[in-house]
**Q** 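Got a structure here, written out as structure tokens. Questions coming.
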Amino acid sequence: MGFKADTSFLQFLSMGAVGVRRTMDRLRDRGFEPIELERYCGSSKIWTTKVKRLRLPDLLCVKTGMRAEVRAKTDLKIRMSDAPANPDRRWDAELRDDDIVALIACFDTGDGPQPADDAVCFTVGALRASEARSRLGPPKSASEGAERDRTWPATVPTRDGTVLEVTEERLIVQMTADAERPARRQTYTLRGKSVYVSPGTTFRARTTFLAGEPPALADLSAYLSRRYAPLDDLHADADVDRYAAVKALRFRDEPGARIIPALEDLIRREPEERVALEAAGTAVALGSEFGQDRITRFVWDNDDRPELRMEAVFILAELGRSPFVRDQLNRVVANPRFEGDELRQAAVWALGKAGLECYEDVLPFIDDVDENLALHAIGAFGVDTPRPIIEHLVQDLIIGDPRRAPAASEVLRIIASDEVLRALVMAANAGQPVPDWIVATLGRLPPDRVRATLQDSPLLDRIAPMLLTAQGAHWLASETIGADIAFLLKQNLR
């Protein structure tokens, strides 16, 4: 259950996720076809049951085979985590020279992390070539072999500007005027650093590398002429290469009749269980009954490897609303052997907006006696929830069961679609007196939309005081401020 994790970790996770998503967007703009190679790298959802993953880059282009590590930074630096005494945790472990490291600035806006418009990319080979001129920071913990930050010297401007002149010794720029400071020239001494800009180049504050120790930025356009052949990599020596290949095959437009036999053969002989599991997921996506049998075994016959069972549920969530996938997830949620297990939470989450969008399957669990499961069911509803489900929730409000009604109200607040507002107003106008939970739920929806819908209605007078405290009504009525106040008030020991 991830809700009890501290907010600073969630903030860090969210920053990484938005950095990954922005980087994927920009790669698509350039003609790449990126997918998440490292599952959940683009998500801020916290799970406590995790598979010990292969050392994977975050992204894979299924067209070119390019792999990319993404690092989101509040202060943009060429920085990687390193454990020099542990080969498996070196900054470049399992990375190839032509893999990409994408560094993207990320800023705290008060409404969550906001990534820069684009990432700055280096090849792993360029970082390796200049590693001798990088610096290691102190250990991040007291444990033996703890990771440290390895940082390559680089020049990042603090203001927007334009490059005026570049020589071997210096870089001269014109800083743009802002509300507090006039325009001015600034000279950077290079001290052997390579320059990544040329005269006339404009740059953005805190998001651009002007110069650094790596010899050059990555030329991403050079990768676009490559053609990835994942079928060839099914026999690769490296686990990472085979894993990337089996995952890529799910996203490529190739005949299933050619791919399925190769995948089934790999599953039978694959010694690395994480590769076999991913191959089973791809086989299921392509219609293989053998793949269905294997992924079912990972779910139901893995009592000694709960992390692989959890990973199998994550994979099922990605495979779409097939009868097989839906049945497996519903069986996990309903089976008493998993009572109190995070696996049920993952399955109900997968049935909702994060996966299949089978909201009718999630509906029975919003007031489950397992509160962790109920919370995941409540949070699994999305703005696309269809009208029949909304009407079912509204009926729960009318009935007013002391456990079910507050859960239904919270679900409707989370959905907050125009359909929700219309269904609540219709229920309020159906007769007198208006059920209390209908009134209370209307008072929790976005105030501006409620006022516009109920204009000239006597019901508006009744809920007007509640709208003053609804989320978004004023500066204190925000999720961020609410969390800050709650955290502050917990500090109550004098």
Side-chain angles (χ1 to χ4, degrees), residues 17 20-21 23-24 27-28 32-43 45 47 50-70 94-96 98-100 102 223 226-256 258-288 290-292 294-295 298-299 307-320 322 324-325 346 350 354-355:
V20 164
R21 293 184 177 196
T23 302
M24 291 179 77
L27 288 174
R28 291 189 191 100
F32 294 96
E33 297 177 14
I35 63 167
E36 291 182 12
L37 186 58
E38 175 71 80
R39 180 164 286 109
Y40 268 71
C41 67
S43 170
K45 180 68 180 77
W47 299 104
K50 296 180 180 179
V51 69
K52 186 179 185 299
R53 299 191 184 278
L54 301 168
R55 176 65 162 80
L56 297 171
D58 295 305
L59 305 179
L60 168 70
C61 173
V62 298
K63 181 170 76 172
T64 68
M66 185 184 77
R67 302 176 193 169
E69 290 255 340
V70 182
E94 300 290 347
L95 295 177
R96 307 167 300 181
D98 60 353
D99 287 341
I100 298 297
Y223 291 79
R226 301 183 180 185
R227 289 297 175 264
Y228 185 32
L231 272 175
D232 294 344
D233 277 355
L234 296 186
H235 297 274
D237 292 334
D239 295 345
V240 172
D241 292 341
R242 298 195 307 279
Y243 182 95
V246 298
K247 190 159 188 177
L249 286 169
R250 194 188 313 167
F251 299 90
R252 288 173 59 95
D253 186 19
E254 296 189 33
R258 181 183 176 208
I259 297 173
I260 289 174
L263 283 171
E264 292 177 349
D265 176 64
L266 179 141
I267 294 167
R268 290 185 180 95
R269 60 179 168 78
E270 177 57 56
E272 171 52 64
E273 288 186 291
R274 292 163 293 185
V275 176
L277 172 56
E278 200 67 44
T282 295
V284 171
L286 298 175
S288 165
F290 180 77
Q292 292 180 0
R294 285 307 172 100
I295 204 166
F298 275 103
V299 174
E307 73 281 4
L308 287 174
R309 173 181 282 158
M310 190 78 161
E311 192 77 359
V313 168
F314 292 156
I315 292 171
L316 289 171
E318 299 168 358
L319 299 184
S322 73
F324 167 78
V325 171

**Q** Does F251 reach the side chain of I35, with side-chain heavy atoms less than 4.5 Å apart?
**A**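 In contact.
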**Q** Hey, are the side chains of I315 and L277 touching, using non-hydrogen atoms and a 4.5 Å cut-off?
**A**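 They are in side-chain contact.
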**Q** Would a distance-only check, ignoring hydrogens and angles, find a side-chain to backbone donor-acceptor pair under 3.5 Å from Y223 to D98?
**A**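 Here the side-chain-to-backbone pair exists.
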**Q** Please work out which of the three classes, parallel, tilted or perpendicular, describes the rings of W47 and F314, given edges at 30° and 60°.
**A**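 Rings of F314 and W47: tilted, 30 to 60°.
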**Q** Starting at CG of L37, measure out to NZ of K247 and round the result to the nearest 0.5 Å.
**A**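 If we round to the nearest 0.5 Å, L37:CG and K247:NZ are 6.0 Å apart.
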**Q** Determine which pairs satisfy salt bridge (charged side-chain N to carboxylate O under 4.0 Å, His left out) with at least one residue from residues 55-68, sequence neighbours left out, and list them in order.
**A**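 The answer is R55-E69, D58-R71, R67-D241.
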**Q** Over all heavy atoms of both residues, which pair between F298 and A312 is shortest? Give the atoms and the distance, please.
**A**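 What the structure gives for the nearest pair is CB-CB, 4.0 Å.
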**Q** Kindly indicate whether the side chain of L231, heavy atoms from C-beta on, has any atom under 4.5 Å from the side chain of R258.
**A**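 With C-beta onward as the side chain, the pair touches.
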**Q** Could you give the side-chain donor-acceptor pairs of residues 260-267 under 3.5 Å, partners two or more places apart or in another chain?
**A**
unit_1	atom_1	unit_2	atom_2	d
E264	OE2	S288	OG	2.6
D265	OD2	R269	NE	3.1

**Q** Search all heavy atoms of Y228 against all heavy atoms of A248 and return the closest pair with its distance.
**A**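 So the two residues come closest at CE2-CB, 3.6 Å.
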**Q** I'd like to check C41 versus V70 (side-chain heavy atoms, cut-off strictly below 4.5 Å). Are they in contact?
**A**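 Side-chain contact under 4.5 Å: no.
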**Q** Quick one: CG on L60 to OH on Y243, what's the gap to the nearest 0.5 Å?
**A**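 Spacing of CG (L60) from OH (Y243) equals 10.5 Å.
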**Q** Under the side chain to side chain donor-acceptor pair (under 3.5 Å) rule, collect the residues that match up with R21, sequence neighbours excluded.
**A**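 By the side chain to side chain donor-acceptor pair (under 3.5 Å) rule, R21 matches no residue at all.
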**Q** If you take all heavy atoms of A245 and P230, which pair is closest and at what distance?
**A**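 Residues A245 and P230, closest heavy atoms: CB-O, 3.3 Å.
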**Q** Minimum heavy-atom separation for A346 to M310, with atom names?
**A**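 Smallest interatomic distance, heavy atoms only, reads CB-CE, 3.7 Å.
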**Q** For a quick test of reading the model, state the closest non-hydrogen atom pair linking P57 to D99 and the distance between them.
**A**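 Shortest heavy-atom separation between P57 and D99 comes out as CG-OD2, 4.4 Å.
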**Q** Would you say the side chain of E33 lies within less than 4.5 Å of the side chain of L27, judging by non-hydrogen atoms?
**A**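 Not touching, per the 4.5 Å side-chain cut-off.
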**Q** Please enumerate all residues that pass side chain to side chain donor-acceptor pair (under 3.5 Å) together with E318, with sequence neighbours excluded.
**A**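 E318 satisfies side chain to side chain donor-acceptor pair (under 3.5 Å) with R39, R250 only.
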**Q** Could you measure the distance from the CG atom of L249 to the CD atom of E254? Nearest 0.5 Å is fine.
**A**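 Rounded to the nearest 0.5 Å, the CG-CD separation comes out at 6.0 Å.
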**Q** Taking side chain as C-beta onward, heavy atoms only, is F32 less than 4.5 Å from V62?
**A**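 Counting from C-beta outward, F32 and V62 never come under 4.5 Å.
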**Q** Counting only N and O atoms by type, is there a donor-acceptor contact under 3.5 Å from the side chain of T282 to the main-chain atoms of V246?
**A**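 Yes, the answer is positive, given that a donor and an acceptor are paired below the 3.5 Å cut-off.
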**Q** Indicate yes or no: does R274 engage E278 in a salt bridge with an N to O separation below 4.0 Å.
**A**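 Answer for the salt bridge query: no.
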**Q** Is there side-chain contact between R28 and M24, with at least one heavy-atom pair below 4.5 Å?
**A**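 Yes - at least one pair of side-chain heavy atoms lies under 4.5 Å apart.
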**Q** For E270, give me all partners under side chain to side chain donor-acceptor pair (under 3.5 Å), at least two apart in sequence or on another chain.
**A**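 Residues passing side chain to side chain donor-acceptor pair (under 3.5 Å) with E270: R242.
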**Q** Quick check: closest heavy atoms across A317 and A350, and the distance to 0.1 Å?
**A**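 Result for this residue pair: CB-CB, 3.4 Å.
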**Q** Nearest 0.5 Å, what's the OG-CG distance between S322 and L316?
**A**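 Reported to 0.5 Å precision, the distance equals 8.5 Å.
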**Q** Could you tell me which residues satisfy salt bridge (Lys or Arg N to Asp or Glu O under 4.0 Å) with R294, sequence neighbours excluded, listed by chain and number?
**A**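 Partners of R294 by the salt bridge (Lys or Arg N to Asp or Glu O under 4.0 Å) criterion come out as none, since no residue qualifies.
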**Q** Within the 4.5 Å heavy-atom criterion, are V284 and L319 side-chain neighbours or not?
**A**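 Yes, at least one pair of side-chain atoms sits under 4.5 Å.
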